[in-house]
2 protein chains.
Amino acid sequence: MAARLDRIDLKMLRLLQKNGRLSNAELADQVGVSPATCHRRTQALFDEGFVAGVRAMVAPRKVGKGTLVMVGVVLDRSTPESFASFEQAAAKLKCVLDCHLVAGDFDYFLKIRVGDMEDFNRIHGDQLIALPGVRQTRTFFVMKEVVDNAALEF
Amino acid sequence: MAARLDRIDLKMLRLLQKNGRLSNAELADQVGVSPATCHRRTQALFDEGFVAGVRAMVAPRKVGKGTLVMVGVVLDRSTPESFASFEQAAAKLKCVLDCHLVAGDFDYFLKIRVGDMEDFNRIHGDQLIALPGVRQTRTFFVMKEVVDNAALEF
DNA sequence: GGCAGCCATGGAAGAATCTTTCGTGAAATT
DNA sequence: AATTTCACGAAAGATTCTTCCATGGCTGCC
């Protein structure tokens, strides 16, 4: 871990990860520094890339994306061009939350959010198997989200 | 999708999802309402659960969690008790970002962040195969994160 | 040991923002 | 058509942010 982070920086990162809307005054109070120092440190953490961004976590079910599906993908060929064009196309799909090149029985793993199974079936036929170079896909419907997108512990 | 959301609510959610630190004044300006109305609407979106929270996205590599691993898990037995105890234990692991009960060749899929392969190997031996009821695990090292934790599109 | 340079800190103050109250007007209902 | 309901924007006090400045501790070098 970057040794540039002292105890206060780590505490700030953990607090902001739990609640990105903490005001500077509250954060300063909780980590035990003045608002001025807190403001400078926070800005430094952002400037130096420790915080990639701050995001409101929209509740998936509330916006019609309550169904989660994991999909393993195998490509036709294992050429750099084949990988590149698949990645480029997959990254454009609105339903794709994760797309990872993996080692193992699959080439890629996708994490996808859709409205329901019917929605997924349509997307699978229209978009997934239509991705360039796809030989086969294996679908794992998520029946229960035990932990989804947990905060990073460090 | 909940029809309770009009065009302004949707725009606010999308903007806050991209930048959770948008000030109320900026948000109001971008969606074309007064700060007062924007404030009321934002608060309502939070109160009604459309926004589950706001989170600073800490850069994994910056805090020593640069390696991503997907793990498929098969349990010994398919009893409710077996599932429950596995879930309870898995949810406590600090490295687990996702833990999903799935339909298919695996019982669970885990998404895990660690420092490096050596770190994973240790965790695999100490924590993963030690989870209650685990018959076998299949590890998929992520070689390239094409899309990780993309914002929800709705 | 002493001294100079460097850096982070906290106080303070102006500027900006938030948050609530109030009155208005539009839309739906009776 | 009257009434109720609802959301809206303007305004203002309170809060917060953001920066400047002086202080104090730490390091490195006489």
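Quick note on labels: first sequence line is chain A, next is B, and so on, each numbered from 1. This one's a predicted model, so the numbers in the text were calculated from it and none came from an experiment.
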- Query: According to the interplanar angle, ranging from 0 to 90°, do the rings of B:Phe109 and A:Phe140 count as parallel (below 30°), tilted (30 to 60°) or perpendicular (above 60°)?
  - Reply: perpendicular
- Message: Does the plane of the ring in A:Phe141 sit parallel, tilted or perpendicular to the ring in A:Phe120? Use 30° and 60° as the thresholds.
- Response: perpendicular
Let me know the distance between [atom1] of [X] and [atom2] of [N], rounded to the nearest Å.
X       : N      : atom1 : atom2 : value
A:Asp29 : D:dT16 : CG    : C1'   : 14 Å
B:Asp9  : D:dA7  : CG    : P     : 10 Å
B:Asn24 : D:dT16 : CG    : P     : 15 Å
A:Leu27 : D:dC17 : CG    : C1'   : 13 Å

- Cation-pi check, A:Lys65 onto B:Phe154 ring (under 6.0 Å, within 45° of axis): no
- Query: Does any residue of residues 35-48 of chain B have a heavy atom under 4.0 Å from DNA chain D, and if so, which ones, in number order?
  - Reply: B:Ala36, B:Thr37, B:Arg40, B:Arg41
- Task: Please say whether more than 12 non-hydrogen atoms of neighbouring residues, nucleotides or ligands are located less than 6.0 Å from CD in B:Glu48.
- Result: yes
Hey, does [Y] have a side-chain heavy atom less than 4.5 Å from the side chain of [X]?
X        : Y        : answer
B:Leu16  : A:Arg21  : yes
A:Leu128 : A:Val134 : no
B:Ile112 : B:Leu97  : no
B:His124 : B:Val71  : no

- Task: Measure the angle between the two terminal helix axes of the helix from C:dG1-D:dC30 to C:dT30-D:dA1, five base pairs each, and quote it to 10°.
- Result: 30°
